[in-house]
Amino acid sequence: MASTPTSQNPQKTNRIGLTVLEYKGGKTTLCAGCGHNAISERIIDAMYEMGIKPEQVIKPSGIGCSSKSPAYFMSRSHSFNGVHGRMPSLATGAVLANHKLIALGVSGDGDTASIGIGQFVHLMRRNLPILYIIEDNGVYGLTKGQFSATADIGSKLKTGVVNDLPAIDTCSLAIMLGATFVGRSFSGDKKQLLTMLKAAIAHKGTVMLDVISPCVTFNDHEGSTKSYKFMKDHDEPITDVNFVPAFEEIEADYEPGEVLDVTMHDGSRLKLRKLEDDYDPTNKAVALKRLAESKERDEILTGVFYVDTKAPNFIEMLNLTEAPLAILPESVVRPGREVLEKCMEELR
Amino acid sequence: MASTPTSQNPQKTNRIGLTVLEYKGGKTTLCAGCGHNAISERIIDAMYEMGIKPEQVIKPSGIGCSSKSPAYFMSRSHSFNGVHGRMPSLATGAVLANHKLIALGVSGDGDTASIGIGQFVHLMRRNLPILYIIEDNGVYGLTKGQFSATADIGSKLKTGVVNDLPAIDTCSLAIMLGATFVGRSFSGDKKQLLTMLKAAIAHKGTVMLDVISPCVTFNDHEGSTKSYKFMKDHDEPITDVNFVPAFEEIEADYEPGEVLDVTMHDGSRLKLRKLEDDYDPTNKAVALKRLAESKERDEILTGVFYVDTKAPNFIEMLNLTEAPLAILPESVVRPGREVLEKCMEELR
Amino acid sequence: MAIGETAVQDLAKESGQKRIVNDLSIQVATVNGSGSQSANTVLLRTIFQMGVPVSGKNLFPSNIAGLPTWYTIRANKNGYIARKKEIDFLIAMNPETAREDVLALAPGSAVLYDEPLNLNTLRQDLTFYPVLYDKLVASVTTDAKLRKLIKNMIYVGVAGQVLGLEVPEIEKAIGKQFAAKKKAAELNINAARVGYEYAASSLTKADPYYVQRMDANRGKIIIDGNSAAALGAMFGGVTVVTWYPITPSSSLCETLIDYLKEYRIGPDGKATFAVVQAEDELAAVGMVIGAGWAGARAMTATSGPGISLMAEFTGLAYYVEVPAVIWDIQRVGPSTGLPTRTSQGDILSNAYLSHGDTKHLLLIPASVSECFDFAIEAFELAERFQTPVFVMSDLDLGMNNWMSDPFEYPEKPISRGKVLSAEDVERLGGFSRYKDVDGDGIGYRTLPGTDHPQAAYFARGSGHNEKGQYSERPDDFERNMARIRKKFETAKQAVPKPVVEDAGNKVGILAYGTTHWAIVESRDQLREEYGVETDYLRVRAFPFTEEIEDFIRRHEVVFVVEQNRDAQMLNLLKIEFPAELSLKLRSIAHIHGLPIDARSVTDEIVGRLEVKPAPAGKAKAAGRAQEQR
Amino acid sequence: MAIGETAVQDLAKESGQKRIVNDLSIQVATVNGSGSQSANTVLLRTIFQMGVPVSGKNLFPSNIAGLPTWYTIRANKNGYIARKKEIDFLIAMNPETAREDVLALAPGSAVLYDEPLNLNTLRQDLTFYPVLYDKLVASVTTDAKLRKLIKNMIYVGVAGQVLGLEVPEIEKAIGKQFAAKKKAAELNINAARVGYEYAASSLTKADPYYVQRMDANRGKIIIDGNSAAALGAMFGGVTVVTWYPITPSSSLCETLIDYLKEYRIGPDGKATFAVVQAEDELAAVGMVIGAGWAGARAMTATSGPGISLMAEFTGLAYYVEVPAVIWDIQRVGPSTGLPTRTSQGDILSNAYLSHGDTKHLLLIPASVSECFDFAIEAFELAERFQTPVFVMSDLDLGMNNWMSDPFEYPEKPISRGKVLSAEDVERLGGFSRYKDVDGDGIGYRTLPGTDHPQAAYFARGSGHNEKGQYSERPDDFERNMARIRKKFETAKQAVPKPVVEDAGNKVGILAYGTTHWAIVESRDQLREEYGVETDYLRVRAFPFTEEIEDFIRRHEVVFVVEQNRDAQMLNLLKIEFPAELSLKLRSIAHIHGLPIDARSVTDEIVGRLEVKPAPAGKAKAAGRAQEQR
Ligand SMILES: Cc1ncc(C[n+]2csc(CCOP(=O)(O)OP(=O)(O)O)c2C)c(N)n1
Ligand SMILES: Cc1ncc(C[n+]2csc(CCOP(=O)(O)OP(=O)(O)O)c2C)c(N)n1
Ligand code: SF4
Ligand code: SF4
Ligand SMILES: [Mg+2]
Ligand SMILES: [Mg+2]
């Protein structure tokens, strides 16, 4: 039985002939109502709708309730639930070993912004082809609700403890550091999240999605800025995100100008309708400024903040050969006797 | 004999009656011409001119040529040359143990931006009272010149290797994360660096100074963006920095308006003459935008980018008692018998 | 409550068979997040208040809600408080595991269950007590949100009635549990009463288990090891605490924060301590070392994964000679392993943590009172020897509730070790940080800020001479490392000595930490069931003191019992002691995550000694029996 | 160059005393950054080309320029290439250390020095050769920038003349050194010639040391261990390399990058490898593990501090069972220690790296050819046993130049271990990742991307059952850990066996890694000077194989010689072998950063054996002498 109910009809098959049930995972052991479960559902929907073969997906993750979630979707994909805060390095190694795979990295706000911020920073710089999802609830769920580094200044724990350190804005960071597809969504916003995930899957570079995902057990109360209620009140979309996969025909367009039409690597198209005319999702400086301002205005911006489909990704920088390194035959990876002889001669 | 020649008259004494020689350190073992040596000289000058008692200064550092430099100035201060990339945590512990001391943290671009970026990020968030100096040469000097994470994209090593990863802008990061005094200078700009150091010493919060400090041995050639020549050509001051210590009487002022006059915690005054009228060193969003733009324009902005003297520092957040924790007497740190009895009673 | 009280008598009378009094284990099988914890604590405290030796162990999963959890309470008149394998009285609240739980029981056990589950159909050889929770709950509250909680307190009442718990004590325990919230207390007392009366009126006592008032607990307290450690740290004068949350150590720091906030705010309303939730364990230990260098009494607490992350910094503190206290609340490794299960698996890695030649001081508490004492002692040793000290607790000790005599106020005044003041430096005309002035290997240090031109030295993790100056000279390096090793030798006179019970028998048992409680019981089993007399030594620290060497020498064979896979303590003993001693050591090492129980130890020892049960319970000879290698 | 050649004869004739041929050590005392490295290499290669066994060791400081550096070259007809304590021929180029350097010499040694330093006034019992560098340099170049470099090549010429090096070989060596740069080559050849002729015309040979052509080096190569490891890795089929710079490991990866760029670019002009300079060692090893999990042959190289940072991840790889190859080029710890000095100080910490119960495979090369072979073998073992493999090299082996027979092309085809294809999974109808199907403890794995619905498994560092599913069950955990231990047992049949020379003597020596070279020489000293015959075993891997146990059993006493403080290998042996074997082990352990020399070992052994020098050089009896414990 599917771990996570999805909005899909279980009989219907996608373009590669799989039903949504073939994207299911194990039964969730997360709390009922946990935002992470909703994200798992959207991932299943997105992979299903995009017709991605589960065997072609890897799911590296760190440690935390969020990092456990890969066990609850797509059991037919390989998962690696590693150590706390170090998912980026595991993912990097795996993608280098086999760049044909689609890497879906799942992390939490503690896993990424607290212990893991170092590896996060350097992953972003490399523009590694990966979809990096932060299931962001502002607390350490699995260790029972201490503040993480994305907790907003002034936010309160159930215990009454107040956070007086500024939150790390992982989106600003990602944009500044070199990620090429950066956005924020909310586990409760099915449509936006699903659309962003589908576009993200089509992107061949580092996608960083910060998904606000309320922790119903430890951080969904009054005084929390990561609660369902707070999101309902402060969610401020900056772009209206639409996506047309390569395999679908283009539907009626918007008026030119008001929409930024980005053609993704696989030919699919991301259509961003700006909700603020002076905003430009292709300009880092503008994006950074707007995000910085949103803090003062205590609004939580959502949508795709920044996208760049031109920058070379890490695989291209390394000029990797077409076939995955993991399966190169001996004839390719072990030079011949004459090479060793030549090397020896040079050392005589 | 003074490790590092200074511009001061060796006979003259400062306001606490010390000659500049009493701020000297051991003989430098760095390469002749290394930018780090010049920075050491300016630190000596600044501490001398500000009349800081060497015994009141601690010099935590990481590992690298830069991190060695504390051995070459102020031998009368305590130093802790720790492990690579972890100076921030050592410094944090030391400042908590004794917040009366002036902490001068010395690090390199590899020590900070590569292995150390995680601790750097979290130190900035805490606004710990510390003067954090990055002696930034874009390479790992001590391990013979590999690129660090501040190396600009496209810059070349002597070996011809080109860097294709974007540089981490430690100043933008520091501003974004919560540092309250952020600027960049150049080891070759005596006046600007000295003035910024003096102001920094007067600031009671996290000061982050990125000082471009050419590595003459591994990164001072054509194609380097951290060479003396490159700095000469691309140094773009955004603020003209002036500083009036509390113990000096104010000299003639500029016209109001063109100058931002910041009163520091100790009553001294930092005067920033904006070299671009739409720039505002008290506005994060503006600072971040301007720094982001400077990248496109390949100019190296210098000066004080951002300053905030209001934000509470970590010692205030923790509501620490006046006397240093390190020397609190037993009577204060060991509660009485009645307290233990009370605790026992509650457990019966 | 008169009704109740007579009721229990009645029930008691009815039961025909022989009564088993104050010797039973109760297991509450439930799911985490269901709020049964307070109900279980009430059961534990009630028995405790009735003066019967008792212990409670929580077996919980590594998630937040909805997975199987087992809480076992053991009441034993002889004071045995180790885990007991057999469950005598099961309170089956978790439908998911109920079947398996019931099938695992030994014949004669009792089962309290939710009637609709029909568990009684599973076996004939058990006593079943059905409870109609829904009906009973309804009579207590209509508030849906409270149902789960009420249900828990109802089983307390039912079990109370069946086992003969005293109602006033149940009520007192509930009162303590809900001290702050009066209404909640009343509601829960009512729920317990409903369960109690239901049992009196509708159940017939058919199992032999009874709890009856004793007087074994006068003056005693109940506390978990982490809270005890927190208390100790506070009275040890801790000033800087850093931590990064990790099960099972988090509660140590969280409790410490509460205590410090209550008792360590100065008259100026300001804190005489700093607590920092660090970004990770590297930072946590780095802060401790920075603080220790600058003169604070600094500590952190973590578990296996955190220890591994602290490896590099630990080597720095060892070589720069900075005091640091690190609590390792051991859980099951390697890697993430079983985060909510107990082990003694970090002994060897901590003893030699970090690259190069290093050796660290370890303190190994076995009881909550030792957690308190060692929390203080750890600071004393760290500052005296200017080196990291690891306190090796574990999940069983740290997170479970233990009975204990009240802790004793530290009589020894705080000593900061060899620290020179400005006056000292003036008098001495300078000093050499790393010189062995006193022949004990320990140099003198100054604290940053010491107001003297010659007070400063350069602390560095790279090679240095006696003055702390940078040096790559072979002789400087060798001399310095030899001196540091000498400190370790000196420490043998300073660390807590082992606890030894030696009656001159041939067979010795060596154990440490929480394994102790199984040994106490196992030795009685060996004596009473097999007539095997044993001596016992409990290691409490590394480096090993001479008492340990003597003990091994005096015995023909010494069983080293521990909770890990590779016999880590035994390996340490092999390394540290002459080879001829190793000949006598036998390993009993297991790791599965459950606290070790006496029966397993007993069975393994008699197996190795090849002894048969003693008919009259006394076969002294066996003590000398040839043993198997 | 006819002049030169006759000149050397003349000089030779002049010297009265007995000639010492092909048995000397040359030390060049200079400062780093002065470019003397190429001059020293030319000296080394010249001797090498003359067919005389030779070795060169660079003793450099941990900074970039201006600090004292000593380069020692040892030429020895018997092939002894370990460090020799005594310096026979000093080339004093560093004014700062010249005095100390000269005073440290044994009587009879020779000193080449810059005349203005007047070193000749320091002692009467040495031969002094003054050189007027400034004058000579001036005659070669006027370019100030080149002066320093020219000066270096001049001492090559002078020494060449005095020691009798053959000019054509000097020129050939210079040619090779400056292969790319023709002008530089000419300039340097000219400089050498100037020095050579100066010596011929103005110096009088007065020391006994000569180098004379032999034929011991036919076909041999000269290479450093790190380059050899890089070559091996390339032929081992490495596909993912991650690193973070750290002395002395950096050159391994830097050389590997060069080789890969030259020989591993496919016909499509694209790379069949990925090299990443990681942000630190945690990331470096994390990438290796991620890559190993996904099927790459991945490796990283580091030294002590990096190893400590890899502790947590190493435990993950051990428990999740992922292949990973980690080179530890050991330097002197603890902490930063002496970054440019050699040691064997990480043996114990690597063997049990990470919290919880872990045990890792170690390979320990002693020669550059073993660096090559083990680089390949490490991948084979890591993939076969699905576990991390540490290759324990050291600074002396990794960064110094060693003579060697050419490396042999790997005949064994690459084996990826137990990896299931989609077809296999189909045939088997699924699989259990952690099931011991073959009884060797090793399970079967699939690689991500394997195109079969049942190919995937969940890799996790938390408790799991045979299928890799999350499990907290005690029995699952215990069974799994026992199986992992079994892999280690199986590995005893697979790792490189020790190299044993056993002639049935009573005294055995056990050593490993670069300590080997001192042992070879020491055994000859023991035989020739004391008549003490010894047997010898060189450990090459952990786990230990039965040959090691047998060797210890067969001997009365076994000296375990190693370069660390705490006798780490001896401790490992104590842990792994029965106690009765430990009785025979004696430790000879020192650490000061300089490569161990034969004389120190010999002296210590004869001291322990209490033997006196053998008059006629043969006192077999001594071999049986009672030895001291
Ligand atoms: C090295 C290490 N330190 C600490 C822990 C304990 N730990 C487990 S999960 C976690 C935090 C998880 O927080 P987050 O990433 O936000 O995930 P969430 O549970 O909130 O979804 C911590 C600190 C660990 N497993 N490993
Ligand atoms: C854990 C660890 N990894 C690697 C090293 C080797 N190492 C020493 S200094 C250094 C880089 C220094 O670069 P930077 O901080 O920029 O200082 P610089 O020498 O350029 O002034 C490295 C990688 C180390 N000492 N410790
Ligand atoms: S604790 Fe919070 S984050 Fe974890 S599963 Fe429950 S709701 Fe989700
Ligand atoms: S190597 Fe570079 S950074 Fe290091 S001392 Fe020399 S010039 Fe300075
Ligand atoms: Mg979280
Ligand atoms: Mg640098």
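Fair warning: this is a prediction, and the values are worked out from it, not measured in the lab. Any value given below was found using the heavy atoms of this structure, including those in side chains, with hydrogens, waters and symmetry copies removed. Chain letters run A, B, ... following the sequence lines, proteins first and then strands; every chain starts at 1.
- With a 4.5 Å cut-off on non-hydrogen atoms, D:F372 touches chain A through its side chain but not through its backbone.
- For chain D, the nearby parts of A:L318 are the backbone and the side chain; heavy atoms of each come within less than 4.5 Å.
- Note that CG of D:L316 is 6.5 Å distant from CG of A:L90, once rounded to the nearest 0.5 Å.
- Salt bridge status for A:E330 with D:R416: absent, with no side-chain N to carboxylate O gap under 4.0 Å.
- Note: D:I222 CD1 to A:R348 CZ = 12.0 Å, rounded to the nearest 0.5 Å.
- Other residues, nucleotides and ligands contribute over 12 non-hydrogen atoms within 6.0 Å of the NZ atom of A:K100.
- Here the shortest heavy-atom pairing between D:D268 and A:T321 reads OD2-OG1, 2.9 Å.
- For the set A:T92, A:L320, A:L96, the entry with the most heavy-atom pairs within less than 4.5 Å of chain D is A:L320.
- Ranked by heavy-atom pairs under 4.5 Å with chain A, the list D:M234, D:Q49, D:E262 is led by D:M234.
- Judged purely by atom type and a 3.5 angstrom limit, A:N98 has no side-chain atom pairing as donor or acceptor with the backbone of D:A291.
- Residues A:R126 and D:E279 are paired through a salt bridge, judged by an N-O separation under 4.0 Å between the basic side chain and the carboxylate.
- Heavy atoms of D:V240 lying under 4.5 Å from chain A belong exclusively to its side chain.
- Atoms NZ and CD, on D:K270 and A:E322 in that order, are 7.5 Å from each other to the nearest 0.5 Å.
- Contacts with chain A were tallied for D:R297, D:E411, D:Q469; D:E411 has the most, counting heavy-atom pairs under 4.5 Å.
- Counting heavy-atom neighbours within 6.0 Å of D:R473 CZ, excluding the residue itself, gives a total of 12 or less.
- When A:P70, A:S79, A:A94, A:A97 are compared by the number of non-hydrogen pairs under 4.5 Å with chain D, A:S79 comes out ahead.
- Comparing D:G266, D:G237, D:P453 by heavy-atom pairs within less than 4.5 Å of chain A, the highest count is held by D:P453.
- Per-residue heavy-atom pair counts under 4.5 Å with chain A were compared for D:A271, D:S227, D:G315, and the maximum is reached by D:A271.
- Contacts between D:V419 and chain A at a heavy-atom distance below 4.5 Å are absent for every atom of the residue.
- The shortest non-hydrogen separation linking A:C343 to D:L231 is SG-CD2, 3.8 Å.
- With 3.5 Å as the limit, one finds a donor-acceptor pair spanning the side chains of A:K342 and D:Y263.
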Problem set entry | salt bridge (Lys or Arg N to Asp or Glu O under 4.0 Å) between A:E346 and D:K176, intermediate numbers included | CA-CA 9 Å; A:E346 286 163 0; D:K176 189 174 178 74; over 6 Å; no
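- In this structure, A:R76 contributes its side chain and D:Q454 its backbone to no donor-acceptor pair below 3.5 Å.
- Of the two parts of A:T29, neither the backbone nor the side chain holds a non-hydrogen atom closer than 4.5 Å to a non-hydrogen atom of chain D.
- In this structure, chain A has a heavy atom under 4.5 Å from the side chain of D:F48, while its backbone stays farther away.
- Using a 4.5 Å cut-off between heavy atoms, D:A298 does not touch chain A at all.
- Annotation for A:L340 and D:F407: closest pair CD2-O, 3.6 Å, computed over non-hydrogen atoms.
- Of all heavy-atom pairs between D:F235 and A:P335, the closest is CE2-O, 3.4 Å.
- Neither the backbone nor the side chain of D:P267 comes within less than 4.5 Å of any heavy atom of chain A.
- Remark: side-chain polar atoms of A:K53 are not paired, donor with acceptor, to backbone N or O of D:G449 under 3.5 angstrom.
- When all heavy atoms of D:L282 and A:S89 are compared, the closest pair comes out as O-OG, 4.3 Å.
- With respect to chain A, the highest number of heavy-atom pairs below 4.5 Å among D:T450, D:V276, D:L260 belongs to D:V276.
- Counting all heavy atoms, side chain and backbone alike, D:I414 lies closest to A:R334 at CG1-NH2, 3.5 Å.
- Contact annotation for D:V322: only side-chain heavy atoms (C-beta onward) come within less than 4.5 Å of a heavy atom of chain A.
- Residues D:I289 and A:F80 have side chains in contact (heavy-atom distance under 4.5 Å, counting atoms from C-beta outward).
- Side-chain atoms of A:H78 and D:T446 form a donor-acceptor pair, as typed in the model, at a separation below 3.5 Å.
- To the nearest 0.5 Å, atoms OG (A:S61) and CZ (D:F458) are separated by 5.5 Å.
- With respect to chain A, the highest number of heavy-atom pairs below 4.5 Å among D:A294, D:S404, D:A456 belongs to D:A456.
- Chosen from A:G82, A:G336, A:P324, the residue pairing most often with chain D at heavy-atom distances under 4.5 Å is A:G336.
- Contact annotation for D:I376: only side-chain heavy atoms (C-beta onward) come within less than 4.5 Å of a heavy atom of chain A.
- Few gaps surround CD on A:E341; more than 12 heavy atoms of other groups in view lie less than 6.0 Å from it.
- Of the listed residues (A:V83, A:I63, A:L328, A:V57), the one with the most heavy-atom contacts under 4.5 Å to chain D is A:V83.
- Without hydrogens or angle criteria, D:R460 side chain to A:N81 main chain gives no donor-acceptor distance under 3.5 Å.
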